[in-house]
Amino acid sequence: MPKDIEKKLIHHITEHSRPLRIMHICGTHERTISKYGLRSILPVEVEVLSGPGCPVCVTPTIDIDFAIAIAKSGAVVASFGDMMRVPGTNGSLFDARSNGADVRMVYSIDDAIELARNEPQKDVVFFGIGFETTAPANAAAVLRGLPKNFSILTSHKLVPPAMEVLIKDINVDAFIAPGHVSTIIGTEPYQPFAQKGFPIVVAGFEARDVLLSIAMIQQQVDNGVSKVENAYPRAVNTQGNITAQKIMKEVFDIVDSEWRGIGIIKGSGIGLKEEFEQWDSAVKYYEIYETVRNAFSESRSKSKIGMPDCMCAEILTARAQPSQCPMFGNHCTPKKPVGPCMVSLEGMCYNWYKYNIRSDKN
Ligand code: SF4
């Protein structure tokens with residue numbers, strides 16, 4: 001793989017090698033790292049950990065159960081394709097569709113709105129997942145005005161509050177900050193982590209971007225400093241996308257939210273403000289939600305329900321690698337995924353399987 005610039009970066013990283021545990025929080029970074037085999041060419045002391053950066057993977061089972069229950073009640077559930085294949089307590093949205101529920105695949109909230117407008121006799125629910133990157137499109141759609149027969153099941157997550165938990169629970173020295181998320185939030189929200197002693201570098205998605213961010217982190221550590229640096233200035237600035245932040249504030253309140261593998265993180269999610277509650281699936285389908293919640297809390301086991309042997313929870317928090325899961329590559333493959341980390345194109349299991357990676361050094 002190495003071209004000239006990548007070769008130079010690898011040489012630089014190797015020359016300055018020291019024990020470092022660097023975590024990224026981005027499914028696209030994992031794809032780049034796996035595709036180019038970057039872990040295998042880094043010095044053994046430099047570990048690159050995969051954090052909870054795959055939006056499909058971190059969506060908790062209870063939200064999937066809620067979407068399935070809504071679909072079974074007769075509404076249309078419009079979802080991204082990956083999300084349809086993730087198992088809930090009793091099967092996936094895809095399974096619900098096979099059993100007669102009306103579940104449709106969409107590529108955006110606008111597709112789902114068009115569906116609602118074209119079929120006004122049906123109630124349409126859009127399953128909104130993802131990080132700060134995808135939420136502004138939903139906020140903009142709400143402000144443009146939504147049809148009466150439409151609502152949003154909001155399961156979005158915010159990255160900085162999750163980092164607060166990660167620095168307490170995981171042995172990590174530094175972060176490669178997510179490029180896409182940072183285009184929206186800017187680099188400012190990472191300052192508190194730098195002040196606590198964690199070097200942070202925002203990275204783009206080419207192999208050279210990731211290698212550069214590692215070299216920059218090493219340099220900070222060598223110089224005994226921890227600060228926020230931007231290695232992706234072609235897309236990210238300090239303040240982020242002010243317009244996107246403004247419309248998100250207009251439409252959403254910050255709420256506590258559950259992450260698969262981590263549990264409930266304070267202030268890590270968003271919910272529609274009261275003035276927009278007529279389009280909030282959690283309000284519109286409150287009774288269904290209560291039924292799902294009660295059933296769920298009876299048999300709760302930290303987001304492992306429906307796939308008890310799946311190690312996604314451990315993988316999302318860098319406590320295990322895909323190849324440590326006994327089902328990896330045999331009972332669990334992209335064609336027949338058992339857990340979300342093998343479903344999503346941004347999942348660590350999917351990428352390790354696709355690029356034939358069996359350990360962090362091959
Ligand atoms: S290989 Fe499959 S079962 Fe194992 S952790 Fe990954 S997604 Fe879960």
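Values reported hereafter were calculated over all heavy atoms of this structure, with side chains retained and with hydrogens, waters and symmetry mates removed. All of these numbers come straight from a predicted model, not from anything done at the bench. Indexing begins at 1, ligand by ligand and atom by atom, following the structure's order.
- Here is the list of ligand 1 atoms found below 4.0 Å of a heavy atom in F328: 1 (S).
- At least one heavy atom of C312 lies less than 4.0 angstrom from ligand 1.
- Heavy-atom contacts of G339 reach the following atoms of ligand 1: 7 (S) (cutoff under 4.0 Å).
- Taking 2.8 Å as the criterion, C349 counts as a coordinating residue of atom 6 (Fe) of ligand 1, since one of its N, O or S atoms falls below it.
- Checked against the 6.0 Å centroid criterion, the rings of F131 and H180 do not qualify as a close aromatic pair.
- Per-residue contacts place M311 under 4.0 angstrom from the following atoms of ligand 1 (heavy atoms of the residue considered): 5 (S), 8 (Fe).
- The CG atom of N356 lies 11.5 Å from the OG atom of S34; values are rounded to the nearest 0.5 Å.
- Between the side chains of S268 and W259, at least one donor-acceptor pair of N or O atoms lies under 3.5 Å.
- Ring-centre distance between Y190 and F175: not below the 6.0 Å cut-off.
- Atom numbering of ligand 1 starts at 1 in the shown order; those under 4.0 Å from a heavy atom of I315 are 5 (S).
- Considering only non-hydrogen atoms, atom 2 (Fe) of ligand 1 lies nearest to C332 out of C332, A320, C310.
- Judged by distance alone, the side chain of R104 and the main-chain N or O of V77 form no donor-acceptor pair under 3.5 Å.
- With ligand atoms numbered from 1 in the order given, ligand 1 contributes 1 (S), 3 (S), 4 (Fe), 5 (S) to contacts under 4.0 Å with heavy atoms of C325.
- Between atom 4 (Fe) of ligand 1 and C341 there is no N/O/S contact shorter than 2.8 Å.
- Less than 4.0 angstrom separates some heavy atom of M327 from each of these atoms of ligand 1: 3 (S).
- Taking the six-membered ring for Trp and thresholds of 30 and 60 degrees, W279 and F276 have ring planes inclined between 30 and 60 degrees apart.
- Aromatic rings of Y289 and F66 (six-membered ring for Trp) have centroids within the 6.0 Å cut-off, being under it.
- Less than 4.0 angstrom separates some heavy atom of M342 from each of these atoms of ligand 1: 7 (S).
- Applying the side-chain contact (heavy atoms from CB on, under 4.5 Å) rule to E188 yields the partners Q191, T238, Q239; only residues at least two apart in sequence or on another chain are considered.
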